[in-house]
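Here it is: the structure, laid out below.
Order of listing sets the numbers, starting from 1, for every ligand and every atom in it. All figures in this text were calculated on a predicted structure; none of them were measured in a lab.
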Amino acid sequence: MKKSAYKRVVLKLSGEALQGKKGYGIDPSVTGAIAKEIKDIKRLGVQIAIVMGGGNIYRGATASKQGVDRIIADYMGMLATVINGLALQDVLEKAGVMTRVQTAIDMQEIAEPYIRRRAVRHLEKGLVVIFVAGTGNPYFSTDTAASLRAIEINADVILKATNVDGVYSADPKKNKSAKKFKSLKYIEVLNKGLKVMDATAVSLCMDNSLPIIVFNLTKKGNIKRVILGEKIGTAVK
Ligand code: UDP
């Protein structure tokens, strides 16, 4: 039986990861497939917390450019992450994986409040904890929420799921000569302005020596490969 390379991980899922080819919202076949992969990796004995994004439904910065007050727009974005988190909870529990959703903005009928020690206890008992509502503060991102939660719960690594194979020198979909980096230093990511996570998220990881692995979620079995320690994607450390 293969074993996980990590004891505890934070998986950062962007909202886009749930929308599949639809270009908006949630595609049940995509969330179902993610749930199956997560069920599969639970067998490797790894503790998994998921930080859920919301960009498939609402992005504060985009809406504010269209005239919506930035702070209201950001709260709407945070609420979008709650919708996604509940969708993920549904498919995971249908797949037989026990979960808890913890929210940074209180809504007691829907989810538990974020309580660090309780989150850790759930993880120790083998539940998957889904963190929603980001950091609870406007002007932040769910990437920053992922860095913050990962540090708070002492995760070994952040697994940042994307739809390309890692971090490239340019957009590989537009530029054929774009080069993939196998590994990067935090400071290189910041200096080169590479699109790994936003600068706040990367500097939080840098200050706390928390590695980030950027990998392609759209390739089947990739979450498992990363968890087993296979060198796919790009490692930022
Ligand atoms: N957001 C926020 N504070 C946070 C996390 C998220 O205000 O701590 C808002 C912000 O408007 C953002 C939206 O929620 O655009 C959705 O999150 P994000 O863009 O990070 O989602 P992703 O790109 O991962 O789908």
Side-chain angles (χ1 to χ4, degrees), residues 9-27 30-31 34 38 48-89 101-107 110-111 113-116 119 129-153 155 158-164 167 171 173 189 193-205 210 212-218 223 233 236:
V9 302
V10 164
L11 174 65
K12 165 65 213 301
L13 287 180
S14 68
E16 279 169 11
L18 308 189
Q19 74 189 12
K21 293 200 177 79
K22 280 173 38 154
Y24 180 81
I26 301 165
D27 181 339
V30 173
T31 49
I34 295 173
I38 291 172
I48 308 162
I50 298 171
V51 173
M52 198 59 245
N56 55 325
I57 300 174
Y58 206 84
R59 264 185 215 289
T62 313
S64 87
K65 282 190 196 125
Q66 294 161 353
V68 183
D69 174 84
R70 174 66 195 258
I71 293 169
I72 294 178
D74 277 342
Y75 279 121
M76 292 170 76
M78 286 184 260
L79 291 178
T81 73
V82 181
I83 295 177
N84 285 335
L86 293 177
L88 200 62
Q89 175 172 51
V101 178
Q102 288 206 346
T103 169
I105 297 174
D106 277 4
M107 42 186 99
I110 293 177
Y114 169 62
I115 299 173
R116 186 184 70 88
V129 179
I130 305 168
F131 293 123
V132 298
T135 63
N137 300 294
Y139 290 102
F140 285 93
S141 68
T142 53
D143 279 352
T144 299
S147 304
L148 184 62
R149 295 294 181 250
I151 294 161
E152 286 181 284
I153 65 168
I158 296 184
L159 309 176
K160 159 88 181 172
T162 64
N163 54 11
V164 285
V167 185
D171 184 346
K173 285 181 179 155
V189 173
L194 297 169
K195 288 194 182 106
V196 175
M197 303 206 291
D198 56 75
T200 313
V202 174
S203 23
L204 253 182
C205 291
L210 178 73
I212 308 161
I213 297 177
V214 183
F215 74 102
N216 192 345
L217 178 77
T218 63
I223 309 183
V236 183

Is it the case that ligand 1 has an N or O less than 3.5 angstrom from some N or O of E16?
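So ligand 1 has no N or O lying under 3.5 Å from an N or O of E16.
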Distance-minimising heavy-atom pair for K22 and D27
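Result for this residue pair: CD-CB, 3.9 Å.
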Considering the heavy atoms of S14, write down every atom of ligand 1 situated less than 4.0 Å from one of them.
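In order of numbering, the contacting atoms are 24 (O), 25 (O).
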Does the side chain of S147 come within less than 4.5 Å of K12's, by heavy atoms?
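Counting from C-beta outward, K12 and S147 never come under 4.5 Å.
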Which of the numbered atoms in ligand 1 are under 4.0 angstrom from any heavy atom belonging to Y58?
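By the 4.0 Å cutoff, the relevant atoms are 13 (C), 16 (C).
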Heavy-atom side-chain contact between L148 and F131 under 4.5 Å
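L148 does not reach F131 side chain to side chain.
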CG on D69 to CE on M76, rounded to 0.5 Å:
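The CG atom of D69 is 11.0 Å from CE of M76, to the nearest 0.5 Å.
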Whether N56 side chain and Y24 backbone form a donor-acceptor pair below 3.5 Å:
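Checking the backbone N and O of Y24 against the side chain of N56, no donor-acceptor pair under 3.5 Å is found.
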Of all the heavy-atom pairs spanning M52 and G85, show the shortest one and how long it is.
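Shortest heavy-atom separation between M52 and G85 comes out as CG-N, 3.6 Å.
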Does M76 approach ligand 1 within less than 4.0 angstrom via side chain, backbone, both or neither, non-hydrogen atoms only?
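The answer is neither.
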Per-residue contact class, Y75 against ligand 1 - non-hydrogen pairs under 4.0 Å
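None of Y75 does.
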Check: K195 and V214 side chains under 4.5 Å, non-hydrogen atoms
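V214 vs K195: side chains apart.
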For G54 against T81, the heavy-atom pair lying closest together
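Heavy atoms only, the tightest pair is N-CG2, 3.6 Å.
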Which residue holds the protein heavy atom closest to atom 14 (O) of ligand 1, what is that atom called, and what is the gap in Å?
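Its nearest protein heavy-atom neighbour is G77 C, 3.1 Å.
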N/O of G54 under 3.5 Å from N/O of ligand 1, yes or no?
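Looking only at distances, the answer is yes, because the N/O contact criterion of under 3.5 Å is met.
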Which of the numbered atoms in ligand 1 are under 4.0 angstrom from any heavy atom belonging to T135?
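Answer for ligand 1: 4 (C), 8 (O).
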Might you point out which heavy atoms bring D74 and Y139 nearest each other, and give the distance in Å?
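Nearest heavy atoms, D74 then Y139: OD2-N, 2.8 Å.
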Looking only at distances, please establish whether an N/O atom of ligand 1 is found under 3.5 Å from an N/O atom of G55.
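By distance alone, the answer is yes.
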Do me a favour and list the nearest non-hydrogen protein atom to atom 2 (C) of ligand 1 with residue, atom name and distance?
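Closest protein heavy atom to atom 2 (C) of ligand 1: F140 O, 3.1 Å.
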Strictly below 4.0 Å, N to O, side chains only: are K160 and D143 in salt-bridge contact?
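So K160 pairs with D143 through a salt bridge.
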Side chain proximity check, L18 to I34, heavy atoms < 4.5 angstrom
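Yes; the side chains approach each other to less than 4.5 Å.
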Is any side-chain heavy atom of I26 closer than 4.5 Å to one of I83?
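Yes, side chains in contact.
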Please report the shortest heavy-atom distance between A146 and V51, naming the atom on each side.
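Heavy atoms of A146 and V51 come nearest at CA-CG2, 3.7 Å.
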Shortest protein heavy-atom distance from atom 15 (O) of ligand 1, along with the residue and atom involved:
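Checked against all protein heavy atoms, atom 15 (O) of ligand 1 sits closest to G60 N, 3.1 Å.
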Numbering as shown, the atoms of ligand 1 that approach N137 to under 4.0 Å (heavy-atom distance)
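Every atom of ligand 1 under 4.0 Å from some heavy atom of N137: 2 (C), 3 (N), 4 (C), 7 (O), 8 (O).
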For atom 19 (O) of ligand 1, the protein heavy atom that lies nearest, with its residue and separation:
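For atom 19 (O) of ligand 1, the nearest protein heavy atom is R59 NH1, 3.0 Å.
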Per-atom contacts, ligand 1 versus G53 - under 4.0 Å to a heavy atom:
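Those qualifying, in numeric order: 21 (O), 22 (P), 24 (O), 25 (O).
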Is there at least one pair of N or O atoms, one from A61 and one from ligand 1, spaced under 3.5 Å apart?
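Between A61 and ligand 1 (N or O atoms, distance only) the closest approach is not under 3.5 Å.
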Looking only at protein heavy atoms, which one is nearest to atom 5 (C) of ligand 1, and how far off is it?
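The protein heavy atom lying closest is S141 C, 3.4 Å.
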Would M52 count as a contact of ligand 1 if the rule is a heavy atom under 4.0 Å away?
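Contact check M52 vs ligand 1: negative.
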Run the contact test for P138 against ligand 1 with a 4.0 Å cut-off on heavy atoms, strictly below, and give the result.
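Yes, P138 has heavy atoms under 4.0 Å from ligand 1.
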Mark up the atoms of ligand 1 that fall under 4.0 Å of a heavy atom belonging to T142, in ascending order.
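Numbered from 1, ligand 1 contributes 5 (C), 6 (C), 17 (O), 18 (P), 20 (O), 21 (O), 22 (P), 24 (O).
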Under 4.0 Å from a heavy atom of K12: which atoms of ligand 1 are those, numbered in the order shown and with their elements?
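Counting atoms of ligand 1 from 1, those under 4.0 Å from K12 are 24 (O).
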Run the numbers for me: atoms of ligand 1, each under 4.0 Å from some heavy atom of D74, listed by number.
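This gives 7 (O), 9 (C), 10 (C), 11 (O) as the contact atoms.
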